[in-house]
Structure formats: structure tokens, C-alpha cells
Amino acid sequence: MSTVLVTGGAGYIGSHAVRALANLNYQVIVLDNLIYGHREAIVNSEVRFVEGDIANKALVIDILKTYKVDAVMHFAAFAYVGESVTEPTKYYNNNLAASITLLDAMREAGCKNIIFSSTCASYGSPKYMPIDEAHPQEPINPYGASKWMLERVIKDYHHAYGINYAFLRYFNASGCSADGLIGEDHDPEPHLIPLILKAIKGERDAITVFGTDYETPDGTCVRDYIHVEDLADAHIKAFTYLLSGKGPVICNLGTGVGYSVKEMIDAAERATGKKVPVKYGERRAGDPSHLVANAEKAWKELGWKARYVNIEEIIATAWKWENGERSGRYGKN
Ligand SMILES: NC(=O)c1ccc[n+]([C@@H]2O[C@H](COP(=O)([O-])OP(=O)(O)OC[C@H]3O[C@@H](n4cnc5c(N)ncnc54)[C@H](O)[C@@H]3O)[C@@H](O)[C@H]2O)c1
Ligand SMILES: O=c1ccn([C@@H]2O[C@H](COP(=O)(O)OP(=O)(O)O[C@H]3O[C@H](CO)[C@H](O)[C@H](O)[C@H]3O)[C@@H](O)[C@H]2O)c(=O)[nH]1
């Protein structure tokens, strides 16, 4: 059975991928420094967990060699867009420099495959819609730039050292596992859906809509919300694709349907049957008005498409997590 090292596997998206991989009996090793992740998010007891940093080259080489790792799924990164503008050093050091150390460890250990968590934030302000993979990459914040730069480094490592890659450019990750067992728990939480649900629960005063004067039908930003279990499925398809000798490959992961912030609030009211307390505020710096994927390439190349296309259903999975045993929060690590 093939073996995969999942960096950032204790985080939101990584933990859903780890569970999906383990359920398919792949051998999984997670490397996470738990800065933002949660040990309890890894629910399969057969998964090996290593608490450590991707910048620890000797540790990564040891893991890759000991377990004869076939591919690395590289989720580990910082992902607060706003913070990246005020503290770019954090983003270039972790998302770029530490990731280059990871690539060098792969090179030295002879591990030839990487599936990299890239982002629609690497495109910057859209020049046309929906966004396909040929769209120019002109990121407008250091977070998006750090991801775009790492894509460039990996391409050069491919040419020079034969490292094969899949770049998965996700749009807005959303929802939680269908059974409500694992979910999204960021501190602080930047993402729209959990913030709306926490406002419904009274854990926050209200959701603040960031800007009502965008050039969109209702003036609020439009995004493409892709379910986290669909993302996990795409990683498995990319993994088997690379292991079958195909690649490199670059794919957007989205549903192809955009929802405005106001539409998301309405959908959350329908999904939960509760009223959302709403405030209206200024635009958030660095937010493009529209981000919607053309994800046809993922279908053609990987045979992947989103199974969750109904936004209420996506929100309902997050609501289940918010009302589950953990009430939307893991304990302290
Ligand atoms: N959430 C989204 O909408 C979205 C969209 C596009 C791309 N992405 C990318 O997907 C990946 C996962 O995002 P997420 O929302 O699950 O974030 P997350 O913060 O929940 O998960 C990231 C994990 O990486 C770990 N980590 C960070 N730096 C590390 C390091 N140097 N060494 C070891 N572990 C480290 C953290 O502790 C955390 O568990 C990130 O690369 C992010 O940029 C996320
Ligand atoms: O309190 C809030 C939070 C968000 N929003 C709006 O809701 C939409 C979604 O915002 P999120 O913060 O949930 O997600 P982003 O669109 O900022 O996502 C970006 O950052 C992510 C990383 O966190 C991913 O990389 C993703 O690809 C990239 O588009 C945006 O229009 C935002 O302005 C609000 O109105 N109020």
C-alpha cells in the first residue's frame, strides 16, 4: 500500500484528507507543529502523528526514509490573508522558505511526488470569470504571493531534480465532515461560514459584512465555496494520478458557482432555521470582488468534480459540527 506524508495534517483541510486516506487504507504519517492544528483532529488511530516542523530537514528526511514515503501532501502553511499584509515575514518564511527546506529534504531522501495546496488567491484580481488555470497569476497579498512563488520553485525542482507535482488551487474551503466528527476550528477564525454560525449561536455579536459597494449584483463579494470532503477526494485522485506516473498537473478546485456574502447569510438562515445577526462594515483590504472557479480541468485530468453543489447542504455540515459533541471546538493540544 502506498505511503503519504501529510504536512499540516492536523489542520482543517489536512485532517479531512488524512481521514479519507486512512479510510482507504493508505499508510499515513502526519507532520504538524500544532501552531494552528489540533491533535484531536486526527481520528484514525492507525495514522502516525509526528509533532514537528517542516523546516526541520533532518526530521523530514528521517520520516521520508523510515516510512518509504511515496508522496507528500503539503498543507502546512499560514493562511491569514490580512495578517500576511502586515506581517509578510511570517508568510515568506513559513510558506516559502520552510517549504523549500521540505523540498530539499524530499530531494535528498529521493521522494519524487508532491501535492501542493495552492490557492485562488494566487490569481489576484480576476481579469475574467470564471477563472481557469491559464488566468494570469498576479497575487495582491503576500499570502497569495507566497503560494505563487512556491509553485514557481516546485516547477524549477521538477525540471532540475525530477520532482513531480500536482498544484491544487482551491477556492474557498467550506463545510465539515458529513458525520460532524471533525471540522473547522481556527483561532482566530477568519472564514465566513463559521463566523456566521458562531453569530447564530450567540458566540459573536453579529457577522459583519465586509463591504456592500462591490460591483456585484447585491454589492457584496462573491466566492466559490468548495466542500472540504470534496477537497480531500481531489487530493486522493491527485495522489493516485502522480503515482501512476502521470503529471505534473495544475487544477482549480471549486464548484463553478459563486455566492455573495448576503446570499451566504440567507442560505445559512435556511440551513439552520435561525436568524443571523448582521452588521454592515467597510471593505476588507485585499478582497477581490468575485472569485469563481472554472474547474473543468480537474474533471478532465483527475476525474474529479465537486459532489457538494448545494450551498445549504454545505452549510448544514458545518452546522452539524458546531452543534456536535465538540460544539465546533477542539480542546487545547
Ligand atoms: N482554507 C481555505 O479556504 C484554503 C483555500 C486555499 C488554500 N488553502 C491552503 O490549504 C492549506 C490548509 O489550509 P487550512 O485552512 O486547513 O489551514 P490550517 O491552519 O487549519 O492548517 C494548516 C496546518 O499546518 C500546520 N503548520 C503550519 N506551519 C507549519 C510548519 N512550518 N510545520 C508543520 N506544520 C505547520 C498548522 O499547525 C495547521 O495544522 C494551507 O496551505 C492553505 O494555504 C486553504
Ligand atoms: O467576517 C467576515 C468574514 C468574511 N467576509 C467575506 O466573506 C468572503 C469569504 O471570506 P473568507 O475570509 O471566508 O475567505 P477568503 O475569500 O478571504 O479566502 C481567501 O483566503 C483563504 C485562506 O484563508 C483561501 O486561500 C482562499 O483561497 C482565499 O480566497 C469574503 O468576501 C469576505 O470579505 C465577511 O464579509 N465578513
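Each ligand, and each atom within it, is numbered from 1 in the order the structure gives.
Nearest protein neighbour of atom 21 (O) of ligand 1, counting heavy atoms only, is Gly11 CA, 3.4 Å. Residue, atom and distance of the protein heavy atom nearest to atom 5 (C) of ligand 1 are Phe171 O, 3.3 Å. Ranking the protein heavy atoms by distance from atom 36 (C) of ligand 1 puts Asp32 OD1, 3.5 Å first. In this structure, the protein non-hydrogen atom closest to atom 3 (O) of ligand 1 is Ala173 N, 3.0 Å. Among protein heavy atoms, the minimum distance from atom 11 (C) of ligand 1 is reached at Phe75 O, 3.3 Å. Shortest contact from atom 22 (C) of ligand 1 to any protein heavy atom: Ala77 O, 3.9 Å. Of the protein's non-hydrogen atoms, the one nearest atom 34 (N) of ligand 1 is Asn33 N, 3.1 Å. Of all protein heavy atoms, the one lying nearest to atom 17 (O) of ligand 1 is His186 NE2, 3.8 Å.
Ring pair Tyr26/Phe239: centre-to-centre distance below 6.0 Å.
Scored by the side-chain hydrogen bond (donor to acceptor under 3.5 Å, both in side chains) test, Arg152 finds Asp156 as partners (sequence neighbours excluded).
The aromatic rings of Tyr12 and His16 lie perpendicular to each other, with more than 60° between the two planes, well past the 30° mark. Between Tyr143 and Tyr91, the angle of the ring planes goes over 60°, which puts this pair in the perpendicular group of the 30/60° scheme.
Within the 4.0 Å heavy-atom criterion, neither part of His74 lies near ligand 1. The side chain of Tyr143, and not its backbone, has at least one atom closer than 4.0 Å to an atom of ligand 1 (non-hydrogen atoms only; side chain from C-beta on). Residue-level proximity to ligand 1 for Ser174 is absent, since no heavy atom of it falls below 4.0 angstrom. At a 4.0 Å heavy-atom cut-off, ligand 1 touches Ala79 through the side chain alone. Contacts with ligand 1 closer than 4.0 Å are made by no heavy atom of His38, backbone or side chain. At a heavy-atom distance under 4.0 Å, no atom of Asn95 approaches ligand 1.
Of the N and O atoms on the side chains of Thr220 and Asp218, at least one donor lies less than 3.5 Å from an acceptor on the other residue. If you check the side chains of Glu301 and Tyr241, you find a donor sitting under 3.5 Å from an acceptor.
Among the candidates Tyr330, Phe75, Phe78, the single residue satisfying the ring pair (Phe, Tyr, Trp, His ring centres under 6.0 Å) test with Tyr36 is Phe78.
Using a cutoff of 4.0 Å between basic side-chain nitrogens and carboxylate oxygens, Glu189 and Arg204 are not scored as salt-bridged. Of the charged side-chain nitrogens involved, none lies within less than 4.0 Å of a carboxylate oxygen, so that Glu133 and Arg169 do not count as a salt-bridged pair. A salt bridge does not link Glu269 to Lys274: none of the charged side-chain nitrogens sits closer than 4.0 Å to a carboxylate oxygen. A salt bridge between Arg39 and Asp32 is absent, with no side-chain N of the basic residue lying under 4.0 Å from a carboxylate O of the acidic one.
Within the structure, ligand 1 has Ser118 among the residues with a heavy atom less than 4.0 angstrom away.
Because its NZ or CZ atom is not both nearer than 6.0 Å to the ring centre of Phe171 and within 45° of the ring axis, Arg223 does not count as a cation-pi partner of that residue. Cation-pi geometry between Arg284 and Phe210 is not met at under 6.0 angstrom from the ring centre and within 45 degrees of the axis.
Taking only nitrogen or oxygen atoms, main chain and side chain alike, Phe78 does not reach within less than 3.5 Å of ligand 1.
Enumerated by chain and number, the residues approaching ligand 2 to less than 4.0 Å through a heavy atom are Ala79, Val81, Thr119, Cys120, Tyr143, Tyr170, Phe171, Asn172, Pro190, His191, Leu192, Leu195, Ile207, Thr208, Val209, Phe210, Cys221, Arg223, Tyr225, Val261, Arg284, Asp287, Leu291.
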